[in-house]
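Structure first, then comments.
Order of listing sets the numbers, starting from 1, for every ligand and every atom in it.
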Amino acid sequence: MPPTGDIKFVLDSIADIEMLAGLDGFEHVDTETVHTVIDEAGRFMADVVAPTNRVGDLIGATHHPDGTVTMPPEFHEAWQQYVDAGWNAVKCNPEYGGHGFPSAVGTAVQEMLTSSNMAFSLCPMLTASAILAIDAHGTDEQKDTFLANLISGHWTGTMVLTEPEAGSDVGALRARATPNDDGTWNITGTKIFITWGEHDMAENIIHLVLARAPEAPPGTKGISLFIVPKFLVNDDGSIGERNSVTTVSIEHKLGIHGSPTCVMSYEGAVGYLIGEVHRGMRYMFTMMNDARLHVGIEGLGIAERAYQQSLAYARERRQGRAIGAPKGESSLIIEHPDVRHMLLQMKTRIEAMRGLMYANAAALDVAEHHSDPDTRRSAANRAALLTPLSKGWGTDQGVLIASLGVQIHGGPGFIEETGAPQHYRDSRIAPIYEGTNGIQAIDLVMRKLPMDGGAVVAEFVADMQTTADASAELMPAAAMFLSQAIGAVKSAANWLVDRKDPNDALAGATPFLELLGSTAGGHYLMRLALAASETGREDAAARAQRAEFYAKDLLARVPGLVPSVTAGVASLEGLDNT
Ligand SMILES: Cc1cc2nc3c(=O)[nH]c(=O)nc-3n(C[C@H](O)[C@H](O)[C@H](O)COP(=O)(O)OP(=O)(O)OC[C@H]3O[C@@H](n4cnc5c(N)ncnc54)[C@H](O)[C@@H]3O)c2cc1C
């Protein structure tokens, strides 16, 4: 069962639902309604979606010689119920049938969906990205044609960027777009790794494809974005002719077997240009923060499920005798300090991730909906800074936590029947797609650190210091270790921005992402403990204890990362002499 109590508390205290409810466009939102949504979503995900997780892994998607891809019947039933209940529309535009909740609420619902079945969750996640792109940059006609059916979930969406020679370097893509006299375009090219590129759960699939128009300048400046439906749509909105889009094959993967990963061939397929020609990458960037946050949420969602399963196992499995336990009796493994340590590592990092990611989502809401332009701008900057942390640090933690889950199970953790290996396998993709974590680290160091002459990071550092100062009495160790970690952030960040040779900064990017991610996680975990104490919550003391644990377990290690950040490119020369 999703931890709805915890989710509501983080929404209230970190995302600040009351504040979000006061923003333009959220007049219908209030704390009570949001709590009801979260409770209902939690029940739905646990009852309807979670039972499909195993069948997705065992049977998954099947590609047939005629190019169709079929999904297990359990997925069809769950999808139908998901769509009928309106879960696809939580944060979407009310003009087209959406419920218009803040992104923070959509993020919480997405977390619960992901915990229930990560592979399944990718279908609505990519649909949401397609909706966002069309809503933000499409013409009225495009919005009228596609949005209502995407928002209702009758149709689904994809994001089609990757080609064999264009992965991290999207600018290298070669798919071609040629204009037709009637204003449409013909799209030709092969795309790989397209998530939910083909399936049989929805009437139509709307591909958002990046391609090059004639005379496009090289690199990312020459990329345009097109809507390419699997079936063309008639003027009356009904489904028309089949477009020239075929699914060549699907991949056999380490995890997320219930998500078809398709090789797609577009052979003169009819496409509709979004916005202006050559500006596709700009449009993609407006969705990037949202999409990257949601991949971060995958790290969180899978970690939560792995934790719950491990906790239940540790409360059932007896082995060895814990010191102090009655003679002749074997103890539950949860009584062994080492197992408790692993469980607490899982729990505290999950809480830290949730705080970080919901804060990130709320910053996106403020950036979009606040009436004051300066507040909007500073929230957009905060979201831009937090996004690589949510995606990069969050998905690395997801893998680590899923791995701890395997470890807690002992031998059965390596056996598929327990389900623990599936979490581990599923979690492993999140650090790779939507910009590898290496690319996230580079984004953090090369783009986010210098933003506004360093003011964006400085403001966040000041916020974290306020948390440390406020914690001195309730959590003295956490206050001290957070202050030390903040000192490490400052010295590492200063060193990085002072580099003359960018390769020196690039060499330290990944350890800096870990350094800042762990520190930011501590800040949010402590803010939650402070909020629990201020409001007299029952679990206030336990939250403070957990923050102290996190501080000694993880924050204390943060200053030790500085030498790795500041080692410079010369430290990598040893590789050439192997
Ligand atoms: C299951 C799955 C689902 C996917 N879904 C989609 C989808 O729906 N739509 C879509 O368009 N794509 C999708 N992808 C593609 C995914 O986004 C890419 O695989 C990813 O961006 C990495 O690209 P690549 O595989 O070419 O690796 P490469 O770019 O070749 O990277 C290899 C390694 O080199 C590093 N590297 C590359 N360039 C640099 C650099 N400039 N500086 C430092 N390090 C660098 C990377 O970090 C990585 O460690 C999916 C992939 C998978 C496996």
Worksheet item: With Glu416, which residues qualify under salt bridge (charged side-chain N to carboxylate O under 4.0 Å, His left out), at least two apart?
Response: Arg425
Worksheet item: Stepwise, does the side chain to side chain contact (heavy atoms under 4.5 Å, CB included) test hold for His199 with Thr156?
Response: CA-CA 10 Å; His199 62 90; Thr156 64; 2.8 Å; yes
Worksheet item: ring-ring contact (aromatic ring centres under 6.0 Å, His included) with Trp155: which residues, sequence neighbours excluded?
Response: none
Worksheet item: Would you call the rings of Phe101 and His99 parallel, tilted or perpendicular, where under 30° means parallel and over 60° means perpendicular?
Response: perpendicular
Discussion item. I need the contact residues for ligand 1: any residue with a non-hydrogen atom closer than 4.0 Å to the ligand, ordered by chain then number.
Written reply: Met159, Val160, Leu161, Thr162, Gly167, Ser168, Phe193, Ile194, Thr195, Lys253, Thr261, Ile429, Ile432, Tyr433, Glu434, Thr436, Ile439, Ile442
Discussion item. Taking side-chain hydrogen bond (donor to acceptor under 3.5 Å, both in side chains) as the definition, give me every residue that meets it alongside Asp396, ordered by chain and number, with sequence neighbours left out.
Written reply: Asn437
Discussion item. Looking at Gly222, is its backbone amide N or carbonyl O close enough to the side chain of Arg212 to form a donor-acceptor pair, meaning the two atoms are under 3.5 Å apart?
Written reply: yes
